Amino acid sequence: MNSFMANALQIEALTGWEILDSRGRPTVAVEARLAGGVMAQAQVPSGASTGTHEAVELRDGDAGRYGGKGTRRAAAHVAEIIAPALAGMDAADQAAVDGRMIALDATPDKSRLGANAILGVSCAVARAAAIARGIPLWQHLAAGRPARLPVPMVNIFSGGLHAGGNVEFQDFLALPNGIAAYSEALRAIVMIHAAARELAEARGYRMTGVADEGGWGPPLPSNETALELLTQAIERAGYKPGAEVSIAIDVASSHFYSGAGRYELKSEGRTLTSAEMVDLLERWCARFPVISIEDGLFEDDWAGWQTLTARLGGRVQLVGDDFFTTNPARVRRGIAGHAANAVLVKMNQIGTLTETFEVVGLARAAGWRAVISARSGETEDSFLADLATAAGAGQIKVGSITRSERLAKYNRLLELEARAGLSYGWL
Ligand code: 2PG
Ligand code: MG
């Protein structure tokens with residue numbers, strides 16, 4: 001890089017402000033301006049079924065605004081505290097930028113400045129650097145790593161905290177594991193989503209609108225019913241369950257764990273132990289084309305996760321979301337203890353791009369899979385599509401195929417497929 005370009009890439013100004021996410025809850029937007037005049041923005045997502053070990057999303061706590069959930073304080077930190085510390089730094093040196101923010105925050109959970117403020121800066125700076133370099137965001141983020149369009153793992157039925165607690169399990173997803181191109185996989189999902197509605201209606205379940213992530217959230221009698229309907233929907237749409245399109249589930253079990261090793265399936269009127277949960281999941285994998293299970297057990301049930309992995313890890317993808325919270329230290333412990341075989345990667349669980357890529361790198365080095373994931377509270381920012389492609393992770397989870405905060409990501413991937421000549425498929 002010549003010195004003219006290096007100067008043009010210097011961070012000149014950063015501003016943050018409060019915006020709303022797809023649930024109408026406050027989150028943060030950031031704009032970065034570089035010395036050469038480039039300006040770029042990024043918007044930060046926000047979860048509902050959050051893990052206890054996530055980095056802290058700073059909220060104002062002023063009960064008079066948004067029930068205390070305002071983000072004006074986090075947004076103000078961008079210009080008041082972060083900008084002076086980053087001024088003059090090279091926007092293309094993501095590790096240095098993120099490292100300086102981590103040092104400035106100086107807490108283990110980013111609670112001083114707020115992970116929402118820090119992540120907004122991390123992403124806005126990356127996007128500005130890509131524009132200044134005249135290359136697509138995915139290419140800038142990839143930094144020479146092999147990029148790849150990811151297979152979408154798509155929500156069809158929602159439960160748990162994303163659908164008013166109709167059933168306990170949170171996500172019943174279609175995973176097109178045997179379709180050769182991204183656009184064809186997406187088309188399959190659209191048809192499965194429509195078929196699922198028809199089947200549910202035909203069985204008399206009340207269908208009113210969609211859940212938080214755009215999937216159907218009917219009041220089903222049991223968790224198993226969702227699996228039955230989804231398997232039938234795959235067939236009805238014209239695909240072979242298992243061979244072409246399989247099922248992934250996000251149990252999100254920490255959210256119906258009632259302590260002392262008990263999992264309360266209220267909708268079914270029963271309570272299971274950790275061992276019984278493992279039995280149930282194993283039976284489901286035999287009866288339905290389930291090839292991926294996320295958060296099958298409570299986020300701190302390390303021994304249970306080891307049992308689950310010993311029993312199912314050879315044939316099923318076992319993904320830690322609330323379990324790992326995209327935290328390199330927790331992922332290292334999981335790898336050492338054989339407590340899963342895949343990690344869900346959410347930027348805002350850890351708060352910087354550098355640490356996000358570190359987690360993907362750890363997973364890959366251990367022979368684990370990584371699924372790049374959105375949050376249930378999303379924005380119209382398509383950043384995640386470029387991130388997933390750059391990480392070469394092979395899988396992305398964005399919710400369903402309705403609601404434009406979801407489509408922003410799916411459509412960006414369609415654009416990359418059309419333009420970029422990238423390979424596609426899961427690893
Ligand atoms: C999850 C996510 C996305 P949330 O649990 O995987 O579906 O939900 O953002 O609410 O944590
Ligand atoms: Mg999850």
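Each residue takes its place number in the sequence, starting with 1. All ligand and atom numbering here is 1-based and tracks the order in the structure. No experiment lies behind these values; they were computed from the predicted model shown.
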Electrostatic pair [X]-[Y], nearest N-O below 4.0 angstrom:
| X | Y | result |
| --- | --- | --- |
| Glu294 | Lys397 | yes |
| Lys110 | Glu54 | no |
| Glu168 | Lys266 | no |

Which atom name does [X] have for its N/O/S atom nearest to the Mg ion (ligand 2)?
| X | result |
| --- | --- |
| Glu294 | OE2 |
| Asp250 | OD2 |
| Asp321 | OD2 |

Trp17 versus Glu31, side-chain donor and acceptor atoms under 3.5 Å = no

How about Glu57 and Ser46: does a side-chain donor come under 3.5 Å of a side-chain acceptor?
->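 Present: a donor and an acceptor within the cut-off.
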
For the residue pair Val56 and Asp109, establish whether any side-chain heavy-atom pair is separated by less than 4.5 Å.
-> yes

Near ligand 1, which protein residues have a heavy atom under 4.0 Å away?
->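 Under the 4.0 Å cut-off, ligand 1 touches Gly47, Ala48, Ser49, His162, Gln170, Asp171, Glu213, Asp250, Glu294, Asp321, Leu344, Lys346, Ala374, Arg375, Ser376, Lys397.
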
Does atom CD of Glu276 have more than 12 heavy-atom neighbours from other groups under 6.0 Å away?
->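 Yes, CD of Glu276 has more than 12 neighbouring heavy atoms, counting only those of other groups under 6.0 Å.
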
